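Owing to the predicted nature of the structure, the values given are computational and were not obtained by experimental measurement.
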Amino acid sequence: MAKLYFYYGAMGSSKTANALMVAFNYEERGQKVLIAKSGVDTRDGERIIRSRMGLSRPCVLLEDICRMPEEELHTYDVVIVDEAQFATPEQIDFLAHIVDDLNVPVMCYGLRADFQNKLFPGSERLLTICDEIHEVKTMCWCGRKAICNARYNKHGIVREGAQVMLGANDEYIALCRKHFNEGKLSADDPGDHPAKS
């Protein structure tokens, strides 16, 4: 029986690399894979998924999947969605339809919360309705488990601004809750100096 999976983790936890490796493993065994990302994520090109360690491959957009005929969707052995936090709740419900009515497993990878520790709408819906939830772990600079996605600039941690701002290692860092709350980006950082967006 197919399931809807959510693999979440903080920035830099290798979620995209995991998604690409899972796709490779399915294909290596002769399975047909549909891999997608939200159209909101334009960092590496509209129809490319790229991990921080350099793995990449072409993909379709989640928006395309939601318009595909069921006969076509049914031909896939698995659907893999990267950057699932950017999905709308309605898109997540459509992915659940693929699982429940077409019996095709769907594996979603993404962030749980934004730079203010607030759930993304897509992640909130996944946490509510998915069959299995798995954390992809990474570490804070101090060695503790990182669970917060801190947005920062040259002045320190940014606490205000739009929920979605695409960026990479030069704008986001994964921190443990303690250092996120203290605003400490490193051991040498005095912290408690939130910057404006």
Side-chain angles (χ1 to χ4, degrees), residues 1-29 31-53 55-114 119-138 149 163-168 172:
M1 185 164 200
K3 291 183 179 180
L4 177 60
Y5 299 87
F6 184 32
Y7 296 86
Y8 74 90
M11 299 282 296
S13 61
S14 302
K15 297 176 301 300
T16 299
N18 277 297
L20 294 171
M21 289 186 293
V22 167
F24 175 81
N25 288 339
Y26 268 90
E27 290 170 338
E28 192 175 45
R29 286 158 183 79
Q31 303 289 300
K32 189 174 178 186
V33 175
L34 179 59
I35 189 162
K37 71 174 184 178
S38 169
V40 172
D41 181 14
T42 57
R43 287 171 295 181
D44 298 310
E46 187 177 273
R47 297 178 187 273
I48 297 287
I49 292 176
R50 179 170 287 114
S51 75
R52 292 171 192 247
M53 56 190 282
L55 300 173
S56 67
R57 70 176 282 163
C59 68
V60 300
L61 299 180
L62 181 55
E63 294 83 342
D64 299 334
I65 291 177
C66 294
R67 290 190 292 266
M68 282 184 183
E70 287 189 359
E71 300 78 32
E72 182 179 352
L73 288 169
H74 200 268
T75 66
Y76 290 96
D77 295 296
V78 67
V79 175
I80 299 171
V81 179
D82 193 34
E83 304 294 353
Q85 73 272 6
F86 296 140
T88 66
E90 294 78 19
Q91 289 169 332
I92 298 301
D93 288 341
F94 186 79
L95 295 175
H97 160 69
I98 293 172
V99 171
D100 296 339
D101 300 322
L102 304 180
N103 200 34
V104 176
V106 176
M107 306 174 82
C108 297
Y109 293 80
L111 300 172
R112 178 178 57 178
D114 66 14
L119 291 173
F120 284 97
S123 302
E124 181 176 19
R125 190 66 181 148
L126 278 165
L127 290 167
T128 303
I129 69 166
C130 72
D131 298 298
E132 290 191 24
I133 302 167
H134 301 274
E135 183 178 16
V136 183
K137 297 177 182 163
T138 192
N149 301 300
Q163 184 176 49
V164 176
M165 187 181 101
L166 300 177
Y172 288 94

message = Within the structure provided, determine whether Glu28 and Phe24 are in side-chain contact (heavy-atom separation under 4.5 Å).
response = yes

inquiry  = With a sphere of 6.0 Å drawn around NZ of Lys137, does it hold more than 12 non-hydrogen atoms of other residues, nucleotides or ligands?
reply    = no

message = Any non-hydrogen side-chain atom of Leu34 less than 4.5 Å from a side-chain atom of Met68?
response = yes

query = Can you name the nearest heavy-atom pair linking Phe6 to Ser123, along with the distance?
reply = CZ-OG, 3.8 Å

key: Where Glu63 and Lys37 come nearest, the two heavy atoms and their spacing   = OE1-O, 4.2 Å

inquiry  = I'd like to know if the side chain of Ser38 reaches the main chain of Ala87, judged simply by a donor and an acceptor atom lying under 3.5 Å from each other, with no hydrogens or angles considered.
reply    = no

key: Heavy-atom pair with the smallest gap, counting every atom of Ile35 and Ala19   = CD1-O, 4.4 Å

inquiry  = Quick check: do Leu95 and Cys108 have side-chain heavy atoms less than 4.5 Å from each other?
reply    = yes

inquiry  = Under a 3.5 Å distance rule, please check whether Gln85 uses its side chain to pair with a backbone N or O of Leu111 as donor and acceptor.
reply    = yes

inquiry  = So does Pro69 get a backbone contact from the side chain of Glu72, meaning a donor-acceptor N/O pair under 3.5 Å?
reply    = no

Lys/Arg-Asp/Glu bridge criterion (N-O < 4.0 Å) met for Asp64, Arg47 = yes

inquiry  = Can a donor-acceptor pair be found, under 3.5 Å and without considering hydrogens, that links the side chain of Asp77 to the backbone of Lys32?
reply    = yes

query = How far does OH of Tyr7 sit from OG1 of Thr16, to the nearest 0.5 angstrom?
reply = 14.5 Å

ask   = Heavy atoms, side chains only, cut-off 4.5 Å: are Asp82 and Leu20 in contact?
value = no

note = Shortest non-hydrogen pair, Thr75 vs Glu71, comes out as CG2-O, 3.3 Å

inquiry  = Just so I know, are the side chains of Ile80 and Tyr109 near enough to count as touching, which here means a heavy-atom distance under 4.5 Å?
reply    = yes

note = dist Ser56:OG -> Ile49:CD1 (nearest 0.5 Å) comes out at 10.0 Å

ask   = Can you check whether Leu62's main-chain N or O pairs, donor with acceptor, with Gln91's side chain at less than 3.5 Å?
value = no

Check: Ile98 and Ile65 side chains under 4.5 Å, non-hydrogen atoms = yes

key: Shortest non-hydrogen separation from Ala96 to Leu4 and the atoms involved   = CB-CD2, 4.1 Å

task = Would you check if the side chain of Lys15 reaches a backbone N or O of Ala10 as a donor-acceptor pair within less than 3.5 Å?
result = yes

key: Side chain Arg125, main chain Pro121, donor-acceptor under 3.5 Å   = no

key: Exercise: identify the closest heavy-atom pair between Val22 and Met107   = CG1-SD, 3.7 Å

ask   = So how far is it from Leu73 CG to His97 NE2, rounded to the nearest 0.5 Å?
value = 7.5 Å

message = How long is the straight-line distance from OH of Tyr8 back to CG of Leu126, given to the nearest 0.5 Å?
response = 12.5 Å

task = Say whether, by atom type as modelled, one donor and one acceptor occur between the side chain of Asn149 and the main chain of Ala113 under 3.5 angstrom.
result = yes

